[in-house]
2 protein chains.
Amino acid sequence: MAGTTKSDLKDVARSAGVSIATVSRVINGEAVVKEATRLAVNAAIKKLGYRPNRAAQRLRSTHRSRKLIGLLIPDIHNPYYIDIISGIDAYASAHGATIIIGDFSQDARRERIYIDTLRSESVDGCIVATTPRTEKYVESLIGEGFPVVCIDRELKNLITDVVKSDNETGAFAATEHLIKLGHKRIAHIAGDLQIPTSHERIAGYRAAHQQYKLRVDEGLIISKHSNYESGVELAAQVLKMKKRPTAIFTGNNLLTLGVLEVLHGQGVKIPQEIAIVGFDDMYWANSLNPALTAVRQFGYEIGHQAIELLFKRIEAPQRPPVSHIVNTQLMIRKSCGTKS
Amino acid sequence: MAGTTKSDLKDVARSAGVSIATVSRVINGEAVVKEATRLAVNAAIKKLGYRPNRAAQRLRSTHRSRKLIGLLIPDIHNPYYIDIISGIDAYASAHGATIIIGDFSQDARRERIYIDTLRSESVDGCIVATTPRTEKYVESLIGEGFPVVCIDRELKNLITDVVKSDNETGAFAATEHLIKLGHKRIAHIAGDLQIPTSHERIAGYRAAHQQYKLRVDEGLIISKHSNYESGVELAAQVLKMKKRPTAIFTGNNLLTLGVLEVLHGQGVKIPQEIAIVGFDDMYWANSLNPALTAVRQFGYEIGHQAIELLFKRIEAPQRPPVSHIVNTQLMIRKSCGTKS
DNA sequence: CGTTAAAATGTAAACGTTTTCAAACATATG
DNA sequence: CATATGTTTGAAAACGTTTACATTTTAACG
């Protein structure tokens with residue numbers, strides 16, 4: 001029967017008739033303790049329902065404490081970020097670090113609360129995918145000497161470690177794929193224009209047009225936010241265009257899914273009536289019908305590199321910031337049809 | 001320029017020419033400190049790159065206001081768990097609590113490492129979805145008096161707080177839907193049989209058959225693991241059956257996606273050749289083609305209730321355990337066709 | 001039995017904070 | 001100027017452990 005009031009080492013020691021040092025030794029199992037006393041102490045521990053105070057243990061222990069890493073993610077529902085989290089988590093748990101995740105789902109207030117929380121839990125460093133809203137906040141964090149690694153996008157006013165995909169090249173490949181298949185009117189449903197990533201992808205879309213001597217119809221580049229709902233809304237807009245595009249290139253996976261809902265809902269045949277290629281692959285891209293052709297970002301790899309960088313920065317706060325650009329890969333499946 | 005060696009309150013105090021008490025007050029922002037000294041102290045903090053030791057803070061602080069909650073999730077790639085996390089996270093951040101997430105992706109070793117980590121970070125309690133492998137471990141945790149709330153499934157040998165879906169009723173509704181549509185040979189691709197949840201869903205499947213006086217063909221209930229790959233493997237198996245079923249009921253969303261990959265890959269028409277209903281809805285169920293009919297679990301709600309329960313248990317460790325059963329809802333879309 | 005080494009235990013000093021209490025200082029009042 | 005009142009500060013005692021060091025007990029041996 002565990003006791004109801006929390007007890008001390010001292011209580012246990014008294015109850016077992018030994019000193020607190022002995023109790024400590026029993027608990028840590030290190031030093032040689034006489035069998036009889038060990039039994040007595042363990043009995044006392046059980047009787048009192050004693051549990052060591054981790055904070056105190058941690059404070060006193062010489063053993064280097066485990067690292068605590070904060071993670072700020074804009075939207076945990078986005079499969080891409082899940083991959084990133086996996087990558088970070090795998091490395092962290094392999095190195096005895098713990099991660100605290102903050103998903104601030106498009107909510108500025110919560111985002112700030114989280115940053116404060118991270119600070120008050122005194123994490124050793126954090127990995128963030130900033131939004132325009134939190135940029136200043138994160139910058140001030142760095143100003144305080146806080147180790148931070150950015151993923152997905154860099155900060156405007158500050159040079160930091162950053163790990164991101166090669167968005168422009170990825171978007172180029174997607175668009176090029178469509179062009180080579182003979183498409184001339186390709187709509188681009190882009191993500192939120194406040195996010196640099198969106199612009200990089202638009203740039204890739206433009207570059208492909210330029211390379212293949214195709215004029216970009218500015219009216220074909222549309223955007224609102226980066227979420228599912230915007231995909232729905234903008235897809236409807238595309239379908240209503242007087243000269244309907246023969247293909248759509250979507251700026252991220254949430255937009256892709258929203259677009260697909262509309263296309264299927266209206267019975268538009270893919271790829272016969274409209275081809276589609278999305279930025280962001282999904283592990284279940286083959287479960288879509290038709291299987292989705294998409295630009296794969298190596299989220300796991302990005303997460304892995306980010307935390308590796310963060311560890312290095314924690315060790316050496318003064319080291320010059322680096323940026324890692326991770327390649328993307330066009331996964332060709334069925335949603336764009338075939339050449340012949 | 002942040003210092004490179006870690007510094008004390010004492011160091012800061014010396015550098016700012018005040019006592020450690022004053023520095024502490026500045027840091028906690030509570031007591032009234034003269035503006036001039038506050039500035040001086042903050043300057044010293046910045047200069048030395050000082051960061052408080054959270055173990056010491058925790059140890060000394062009486063009003064340990066912010067709770068630290070551990071979360072043990074079997075697979076962060078499963079959208080259902082993401083919903084649960086969202087629910088927990090929302091409540092937590094509204095109550096100034098922080099959550100530490102451990103995704104142990106089907107890996108027993110990491111699972112144990114995580115439990116140890118949670119313990120050493122001195123979390124105030126945790127929410128777990130146990131796997132057969134970790135059950136004993138979690139039980140011993142509870143034995144130590146650790147506040148734990150289970151989601152999805154209860155423990156075998158111990159009564160705890162638990163929040164879960166009404167699996168049997170949900171599975172019943174899905175199967176009944178199929179039966180009412182005229183299906184008589186319904187395959188059930190179940191999840192891992194080591195997980196109680198799988199059995200509850202199978203029970204629902206059976207109950208529907210019984211209610212409608214249909215014999216259950218045991219050969220139609222197949223299972224392996226609960227993941228995507230098993231969905232792929234078992235779907236292929238279904239397609240090869242001599243008397244091919246006219247419908248499939250899948251035991252969870254990963255299985256559903258795996259099954260869809262195979263069905264689409266082989267050009268099987270849904271729902272004309274085979275109807276499908278899945279356990280677990282997904283926010284992009286409408287992006288599938290045809291839109292997926294599925295049993296919705298209210299993951300967000302489950303997460304919310306779980307953490308509420310956990311808070312209560314932390315406050316009152318001796319309160320009798322309760323279990324909350326959350327209803328499910330059959331979301332009828334297009335993957336089963338219509339009656340007429 | 002006396003001596004010595006080894007084993008087991010105890011004492012007390014950390015660990016880095018917060019917090020109580022009292023002292024010092026400032027300001028206003030008579 | 002003395003006193004009262006408030007505002008800032010500092011000294012030192014916690015918090016619950018681990019651990020270096022000292023001490024006691026036990027075992028071993030001649």
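Just so we're on the same page: letters track the sequence lines, and every chain starts at 1.
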Without decimals, in angstroms, what is the distance between [X] [atom1] and [N] [atom2]?
X: A:R60; N: C:dT17; atom1: CZ; atom2: C1'; answer: 15 Å
X: A:N28; N: D:dT18; atom1: CG; atom2: C1'; answer: 7 Å
X: B:E35; N: D:dT7; atom1: CD; atom2: C1'; answer: 15 Å
X: B:D8; N: C:dT17; atom1: CG; atom2: C1'; answer: 10 Å
X: B:L59; N: D:dA14; atom1: CG; atom2: P; answer: 14 Å
X: A:Q57; N: C:dA14; atom1: CD; atom2: P; answer: 21 Å
X: B:R14; N: C:dG16; atom1: CZ; atom2: C1'; answer: 14 Å
X: B:L9; N: C:dT19; atom1: CG; atom2: P; answer: 12 Å

Exercise for the section: Map A:R25 and A:K34 onto DNA chain D by nearest heavy atom, then report which one ends up closer to the 5' terminus. Expected result: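 It is A:R25, whose closest nucleotide lies nearer the 5' terminus.
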
Looking at [X], I'd like to know whether one of its side-chain N or O atoms comes within less than 4.0 Å of OP1 or OP2 on [N].
X: A:N53; N: D:dC15; answer: no
X: A:T37; N: C:dT9; answer: yes
X: A:S19; N: C:dT9; answer: no

Handout entry: Working for side-chain hydrogen bond (donor to acceptor under 3.5 Å, both in side chains), residues A:S165 and A:Q297
Key = CA-CA 7 Å; A:S165 287; A:Q297 294 195 72; 2.7 Å; yes

Exercise for the section: Could you tell me whether the side chains of B:H324 and B:D161 share a donor-acceptor contact shorter than 3.5 Å? Expected result: no

Handout entry: Approximate separation, where rounding is to 0.5 Å, of B:I302 CD1 and B:D152 CG
Key =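 Output value for this atom pair is 6.5 Å.
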
Problem - Salt-bridge present (B:E154, B:K164; N to O < 4.0 Å) - result: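 Yes, B:E154 and B:K164 are salt-bridged.
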
Problem - Side chains of A:Y50 and A:D8 in contact at under 4.5 Å (non-hydrogen atoms) - result: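 They are not in contact (no side-chain heavy atoms under 4.5 Å apart), so the answer is no.
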
Practice task
Give B:I27 one of three labels, base, sugar-phosphate or nothing, depending on what nucleic acid heavy atoms sit under 4.0 Å from its own.
Solution key: nothing

Exercise for the section: Using a 4.0 Å heavy-atom cut-off across all strands, classify B:S24 as base, sugar-phosphate, or nothing. Expected result: base

Practice task
Compare the minimum distances between each of C:dT17, D:dA12, D:dG16 and the side chain of B:A21, then state the nucleotide with the smallest one.
Solution key: D:dA12

Fill in the blank from the handout: Quick note, B:A56 side chain, CB onward, closest among C:dT18, C:dA12, C:dG16 is C:dG16

